[in-house]
Q: 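For reference, the structure I am asking about is given below.
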There are 2 protein chains.
Amino acid sequence: MSEDRSKSDGTVGKALEILDLVASFGRPVRFSDVLERAEFPKATVYRFIQTLTSQGMLSYDPDRQTYALGIRLVRLAHSAWQQSSLAPIARPLIEQLAAEVGETVHLAQLDHAQVLYVDKIDPGRPIEMYSQAGKIGPAYCTGVGKAMMAYLETSHLAGVIEQQSFHVFTEFTLPDEAALRAELIDIRTNGYGFDREEHEPGIICVSLPILTARGRVLGALSVTSSTQRTNLAALEALVPRIRVAANAIAREAESWRFPDQSKIQTVDTAKE
Amino acid sequence: MSEDRSKSDGTVGKALEILDLVASFGRPVRFSDVLERAEFPKATVYRFIQTLTSQGMLSYDPDRQTYALGIRLVRLAHSAWQQSSLAPIARPLIEQLAAEVGETVHLAQLDHAQVLYVDKIDPGRPIEMYSQAGKIGPAYCTGVGKAMMAYLETSHLAGVIEQQSFHVFTEFTLPDEAALRAELIDIRTNGYGFDREEHEPGIICVSLPILTARGRVLGALSVTSSTQRTNLAALEALVPRIRVAANAIAREAESWRFPDQSKIQTVDTAKE
DNA sequence: AAACCAAGTTTCAAATAATGGAACCAAAAT
DNA sequence: ATTTTGGTTCCATTATTTGAAACTTGGTTT
């Protein structure tokens, strides 16, 4: 199910596989824990762990003799979040959106075949960030996931759908590819989609894709609430307002031209 | 100055060097941008970028033909922050501390030879997370940096000091190793240290290390303010309260025993 | 339109680094 | 004192990385 990464990315791919493996434990691990789950021989796993530790991608606790993900990752993520994600651009826009509609707003992007939440604003309560940004979720049963899938090009979409688990979370969870594909056509027709308690009972949302002028999917925006507080029709009424935000984010993301500091003449004598 | 990483970490080290390089631009980059600054030949840089992109560590924008740090990093960092840093443990404790003292509290750890801020609570304003966590700063002229250095073992300390730039930020910046070493002895004697406008004019702080029972440095805590609002003596009065928090964090970090889910019998027939 | 150029991509033999079985070591358990 | 478990090192074999050079592509200039 996830044996595609590292398939032909040589040593680097394998090292990152080990990194993911450590991450998957969700807690500090001993060498033997990793060895057990890894599909490489002892010495190989050992060397990878050494290397990753020396590189700061893993950290070693000498007291407990355990490895955990290293803080170099936190530093890199700081840059990643700033430069690669929509979050820093979108932050002021979704803050205002959340304040106006009075509901939780999610900003998500597609990672591999999963939804990755890059920001969340919950009006009222102070922002808890790390607990949300970086979180991943299934694509086939979340509003943002479906909104993004609806606008993928056919070939890419096929790959993404193939990797959906179609685990049944609630009675409303879309059960299979056929149901999902039908839903995606609907979304494309309307320009927005819903989560009808497909992932968590009582939780509903409207979602819109964030698209470039050329139609490439950048991410998705959703407004989430519960069945107690509101209903789908009320959420649907927010679509125009959300669309304004989504468009604004797309426009800003696209127009973000960077100071052209790369145009410095490169003299060829730069070899010294 | 930073040619130590990847020195003998083979291919993986080199790939991560490229990753850092991309991060260092702070904005999406073209292939040639990277090539220019990298010390590897064209084909090598090219393959690394391909690999990293295919691995999701970099993301490629086909419209602009640029690479940026990938969102897989955000996902990994989410785990890293949770499992490796002190932040999730410390969060409630420093929130309360910030509320009580009414000043900004920083939580930092040492990464390589730099200070890495893993959390920040500013009473009054809502918490901005990724924009702060992950930020790095110099060790020799920040309160948290000096507090941590003061408690490193001699050999480790030497390596860290060697990498300090001793750039002069203000008239109070410690100018050289001798001044720093003297200051570190002071800090060790008192159990806490100050930032006397050494990094930014008008900004002062008290800082305490977070130490394990065995005396290993886990991180540091600081309460920051400005010369307009307060003075060093007033900050010093907060030390006992801060020490409570620092000790609590250390104790919790140490006693955090993880559910013993690794003790599942590993039958050796697991080969199929 | 032809010639040119810059940026990006592919090739392939040589150089280098990764591999992994096995031996080794240390500390804890018996 | 002996065995077991968990971690570390060795080193000949093997596979991968390397990088100069050739090539392709898309955009400019003449």
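Note: hydrogens, waters and symmetry copies are ignored here, and every other heavy atom, side chains too, is used.
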Q: Give the nucleotide from the list dG21(C), dT18(D), dG6(D) with an atom nearest to the side chain of Ala43(A).
A: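 Given the options dG21(C), dT18(D), dG6(D), the side chain of Ala43(A) is closest to dG21(C).
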Q: Could you state the CZ-P distance from Phe40(A) to dA18(C), rounded to the nearest angstrom?
A: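 Nearest whole value for this atom pair: 13 Å.
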Q: Mind checking whether Tyr46(B) and Phe31(B) have ring centres under 6.0 Å apart?
A: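 Close enough - the centres of the two rings lie under 6.0 Å apart.
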Q: Give the rounded distance in Å between these two atoms: CG of Leu16(B) and C1' of dT17(D).
A: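 It is 16 Å, rounded to the nearest whole Å.
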Q: Expressed in angstrom and rounded to an integer, what is the separation of Lys14(B) atom NZ from dG19(D) atom C1'?
A: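 To the nearest whole Å, that distance equals 11 Å.
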Q: Over how many whole Å does the gap from Ile49(A) atom CD1 to dG7(D) atom C1' extend?
A: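 The answer, rounded to whole Å, is 11 Å.
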Q: Rounding to an integer number of Å, can you tell me how far Glu36(B) CD sits from dA7(C) P?
A: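 After rounding, the reported distance stands at 9 Å.
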Q: Are any of Arg47(A)'s side-chain N or O atoms less than 4.0 Å away from OP1 or OP2 of dA18(C)?
A: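 No, no such contact exists.
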Q: What is the distance, to the nearest angstrom, from the CZ atom on Phe31(A) to the P atom on dA27(C)?
A: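 Computing the Phe31(A):CZ to dA27(C):P distance gives 18 Å.
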Q: State whether the side chain of Gln65(B) and the backbone N or O of Asp61(B) hold a donor-acceptor pair below 3.5 Å, judged by distance alone.
A: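 Between the backbone of Asp61(B) and the side chain of Gln65(B) there is no qualifying donor-acceptor contact (under 3.5 Å).
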Q: Using distance alone, with no hydrogens and no angle criterion, decide if Gln55(B) and Arg72(B) have a side-chain donor and acceptor under 3.5 Å apart.
A: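 There is such a pair (donor and acceptor under 3.5 Å, judged by atom type) between the side chains of Gln55(B) and Arg72(B).
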Q: Start at the 5' end of DNA chain D and walk down; is the nucleotide closest to Val12(A) or to Lys42(A) reached first?
A: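 Here Lys42(A) is the residue nearer the 5' end.
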Q: Hey, is the side chain of Thr44(A) poking within less than 4.0 Å of OP1 or OP2 on dA18(C), counting only N and O atoms?
A: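 No, no such contact exists.
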Q: In this structure, how many angstroms lie between the P atom of dG7(D) and the CD atom of Gln65(A), rounded?
A: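 Taking atom P of dG7(D) as the reference, CD of Gln65(A) is at 7 Å.
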Q: Any side-chain N or O of Thr11(A) under 4.0 Å from OP1/OP2 of dT17(D)?
A: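 For Thr11(A), the contact criterion (side-chain N or O under 4.0 Å from OP1 or OP2 of dT17(D)) is met.
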Q: Could you give the CD-to-P distance, from Glu17(A) to dT19(C), as a whole number of Å?
A: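 Atom-to-atom, Glu17(A) to dT19(C), this comes out as 11 Å.
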Q: Looking at Tyr117(A), I'd like to know if the NZ or CZ of Arg75(B) sits under 6.0 Å from its six-membered ring centre while staying within 45 degrees of the ring's axis.
A: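 Ring-cation test returns no.
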Q: Looking at dT8(D), I'd like to know if its phosphate oxygens (OP1 or OP2) sit under 4.0 Å from a side-chain N or O belonging to Tyr46(A).
A: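 Checking Tyr46(A) against dT8(D): at least one side-chain N or O falls below 4.0 Å of OP1 or OP2.
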Q: Evaluate Met57(A) against Val22(A) for side chain to side chain contact (heavy atoms under 4.5 Å, CB included), listing each step before the verdict.
A: CA-CA 11 Å; Met57(A) 301 298 279; Val22(A) 173; over 6 Å; no
Q: Out of dT8(D), dG8(C), dG20(C), which nucleotide sits closest to the side chain of Arg30(B)?
A: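 When the side chain of Arg30(B) is considered, dG8(C) is the closest of dT8(D), dG8(C), dG20(C).
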